[in-house]
2 protein chains.
Amino acid sequence: MTEATADIPSPGPSARGGVTLKDVAQASGVSISTASRALANNPRVSKETRRHVQSVARELNYVVNGLAQSMIGTGRRTVAFVTDAFLAEPFARIARGVDEVMCRHDALLLLNATHHAPERRQALIELFAQQRTSGVILVGTQNDTTAHRGDIARYHAILQGVGARLVLCGASAIPELDDIPTVAYDQCGGTRNATITLLNAGHRRIAFLGYAQRTTAMERFAGYQQAMRSAGIPVDLSNPLVITVGNVSSQIMPAIRRILDQDASRRPTAMVCITDHAALCVYRVAQQLGLHLPQDLSITGFDDLSSNDVLAPALSSVAVPFEAVGRYAARLVLGLPVEHGDHPVFPVRFTARGSIAAPYPQAD
Amino acid sequence: MTEATADIPSPGPSARGGVTLKDVAQASGVSISTASRALANNPRVSKETRRHVQSVARELNYVVNGLAQSMIGTGRRTVAFVTDAFLAEPFARIARGVDEVMCRHDALLLLNATHHAPERRQALIELFAQQRTSGVILVGTQNDTTAHRGDIARYHAILQGVGARLVLCGASAIPELDDIPTVAYDQCGGTRNATITLLNAGHRRIAFLGYAQRTTAMERFAGYQQAMRSAGIPVDLSNPLVITVGNVSSQIMPAIRRILDQDASRRPTAMVCITDHAALCVYRVAQQLGLHLPQDLSITGFDDLSSNDVLAPALSSVAVPFEAVGRYAARLVLGLPVEHGDHPVFPVRFTARGSIAAPYPQAD
DNA sequence: CTGAAAGCGCTAACAC
DNA sequence: GTGTTAGCGCTTTCAG
């Protein structure tokens with residue numbers, strides 16, 4: 001069936017490289033440009049010819065060479081989406097938002113992961129620059145060092161050289177590099193609202209789980225800190241209520257165990273967790289220690305993952321409009337008009353659920 | 001800094017399209033071909049010229065046009081990885097395996113998701129064919145219908161027309177289409193071993209959670225069924241121990257509740273779950289119903305996800321060598337030599353853990 | 001060692 | 001309406 005070319009009297013397609021427009025033109029008995037016009041549904045070609053050429057093209061299994069199209073500027077735009085790891089729902093939801101816009105604008109989205117290898121990231125950016133991608137969306141936590149800012153600036157320069165845009169997604173604007181668009185969401189406000197809700201429920205010994213030297217973590221911590229300060233409970237990094245730990249279960253679990261395995265008079269009555277994943281770990285440890293949720297411990301998370309639906313009591317969490325974040329980033333990278341400039345900060349929404357209760361009354 | 005071109009006396013790069021090789025050649029005072037050779041480290045160019053051209057290129061922020069290279073067959077090979085959704089660890093691990101091989105062979109991996117829209121899948125395949133991708137790796141469950149096989153055949157034809165390969169990943173070979181390579185893993189053996197382990201522990205009323213009309217589900221069910229039959233306990237789809245349900249929490253949870261919320265004499269003493277996610281749901285329901293794990297119920301999963309590490313008792317599960325699966329698929333799609341032909345079936349490994357105990361002794 | 005020229009597949013002026 | 005021609009940016013013979 002793919003050998004339909006054998007039926008054509010004219011010389012078939014060149015063995016290597018597949019069927020070209022020339023083959024279609026010859027088989028149809030028209031010139032190359034007529035064939036091109038016919039396939040593009042150009043009105044300046046007769047209906048008959050058009051139909052004929054199109055049917056020949058179909059029989060020959062002709063597939064236009066997008067590379068050649070791109071060479072002359074007619075091709076489809078491509079956008080690369082670079083992240084550290086594919087895992088995790090937030091990434092998937094952002095990608096989905098980006099893809100939505102790409103589809104609507106006939107652009108092709110390409111994803112790739114660096115697998116946490118920084119040198120791989122630069123290599124990828126260079127590669128995408130070579131491929132003349134319209135732009136690159138970089139997703140991932142900034143660790144906010146000078147070296148990191150230098151990297152970003154370099155990526156920007158590389159891409160700019162080929163007329164491609166760079167957009168940082170899920171990252172706050174970098175003051176020194178404010179010509180690089182960023183799409184952020186209100187990390188700080190999320191944990192602040194979570195903390196305020198806990199305070200309003202009567203909690204005072206509220207722990208923060210998951211502080212780390214990454215911008216995301218620092219911003220989320222800042223929200224917690226602000227709320228606590230407003231309530232007259234200043235908390236700084238040296239406070240034992242602040243648990244500094246990487247975002248992997250193997251580190252989180254023991255850390256939680258340490259803080260929860262204390263006398264009820266010292267143990268926190270509530271925990272603001274940096275992610276839903278961390279919150280999940282708290283559920284486990286609480287269960288192991290025989291604590292009752294939410295009576296013995298109130299918990300809040302961040303991300304509002306769909307997989308939470310199996311948790312009991314229901315986890316209070318901060319929902320982030322990841323799809324909208326992705327869509328905005330996509331518009332920026334394609335140069336489409338946007339409503340909130342180059343550095344939008346998307347609002348988040350904290351939802352209180354069953355995981356929050358009043359603290360257990362104590363004799364103090 | 002990106003304006004270094006201003007320092008060059010010769011005419012700068014064309015405004016549109018960025019710096020080209022021609023610009024570099026002119027700025028270096030050599031011909032285009034010499035410039036090309038110099039940048040390719042061709043030994044037939046004098047060391048001096050080479051160094052000079054290279055430094056000029058760097059100053060000009062020259063980035064070779066990969067599209068033009070691909071046009072003449074010198075370009076980097078690209079492979080597309082198409083899946084239904086980015087979510088989930090198995091996908092991420094397969095992608096990682098693929099990427100590993102791609103990196104090693106200087107190929108570029110491009111991912112894209114169909115978001116469960118079948119028509120989108122064909123559009124993507126066509127798009128990648130246009131982009132003259134070397135091949136496409138299709139990951140996802142086959143629903144094993146005639147229509148589906150027709151789709152696959154069509155994708156294959158489209159890609160073949162441009163000399164690109166199609167590889168199905170995580171899918172069993174399709175008899176009618178055995179010229180399409182497939183990389184599978186032993187679904188059946190996984191659940192069989194899980195079931196055998198439960199039988200050996202003394203279980204007889206073993207439920208199967210998650211049957212559905214997809215090949216993956218059917219194969220996993222077959223393994224369970226085989227083990228049960230060998231033990232003299234024939235179970236077919238009409239048996240109430242077989243729970244037919246889609247793989248989403250909203251359907252799974254009530255189904256589990258129905259089967260577990262029975263008298264101990266009727267309730268299954270063990271459950272073979274089609275995925276770890278389903279098993280997770282069982283943990284929840286069991287907890288809600290006040291069942292003790294593993295005494296009241298033994299559980300096995302499938303996939304052996306890393307996020308299971310927070311579960312107590314530890315989930316017994318079937319580990320799949322996803323990275324190896326991805327690597328093999330990558331080799332197939334790149335046409336590299338492989339050791340087990342075009343239809344390998346990777347072995348899986350069932351690990352019994354704390355989630356399995358002897359059934360609670362009953363008076364029957 | 002270097003330059004001129006051909007050609008990859010396509011589209012878009014520009015003629016007829 | 002249709003054909004001819006130029007050219008996108010690059011590599012690679014083929015001549016010097």
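Keep in mind that this is a model prediction, so the values were computed, not measured. Chain identifiers are assigned alphabetically (A, B, ...) following the order of the sequence lines, protein sequences preceding nucleic acid strands; residue numbering begins at 1 within each chain.
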- prompt: Given D:dT11, is OP1 or OP2 found less than 4.0 Å from the side-chain N or O atoms of B:Q69?
  reply: yes

Requested in this report: Might you work through the salt bridge (Lys or Arg N to Asp or Glu O under 4.0 Å) test for A:R120 and A:D84, ending with a clear yes or no?
Outcome: CA-CA 10 Å; A:R120 174 104 183 104; A:D84 274 347; over 6 Å; no

With no hydrogens and no angle check, do the side chains of B:Q122 and B:R154 hold a donor and an acceptor under 3.5 Å apart? yes

With the side chain defined as heavy atoms from C-beta on, B:T74 is closest, among D:dG3, C:dT11, D:dT12, to D:dT12

Here the distance between atom C1' of C:dT11 and atom CG of A:L39, to the nearest Å, is 12 Å

Per atom distances to the A:M71 side chain, the nearest of D:dC8, C:dG7, D:dT12 is D:dC8

When rounded to whole Å, the CZ to P distance for the pair A:R37 and C:dA13 reads 11 Å

Checking D:dT2, D:dC10, D:dG7 against the side chain of B:N65 (C-beta onward), the nearest is D:dC10

**Asked** Is A:T49 near enough to D:dG1 that one of its side-chain N or O atoms lies under 4.0 angstrom from OP1 or OP2?
**Response** no

Is there a side-chain contact between A:T34 and the phosphate of D:dT2, meaning an N or O under 4.0 Å from OP1 or OP2?
no

| said: Between B:S31 and B:T34, is there a side-chain donor-acceptor contact under 3.5 Å, judged purely by atom types and distance? | reply: yes

Whole-Å distance, A:N42 CG to D:dG1 C1', equals 10 Å

A:I32 atom CD1 is separated from D:dA6 atom C1', nearest whole Å, by 13 Å

Rounded to whole Å, CG of A:L21 lies from P of C:dG7 at a distance of 18 Å

Heavy-atom nearest pair, B:P344 first then B:T182, reads CD-O, 3.1 Å

One should read off an interatomic distance between B:L21 CG and B:N65 CG, to the nearest 0.5 angstrom, of 10.5 Å

Check: Is the distance from OP1 or OP2 of D:dT4 to the nearest side-chain N or O of A:S33 less than 4.0 Å?
Finding: no

Whole-Å distance, A:R44 CZ to C:dC16 C1', equals 12 Å

To the nearest angstrom, the OH-C1' distance between B:Y62 and D:dG9 comes to 7 Å

B:I72 CD1 to C:dG9 P, in whole Å, measures 11 Å

Looking only at D:dT2, D:dC10, D:dT12, the nucleotide nearest the A:S46 side chain is D:dT2

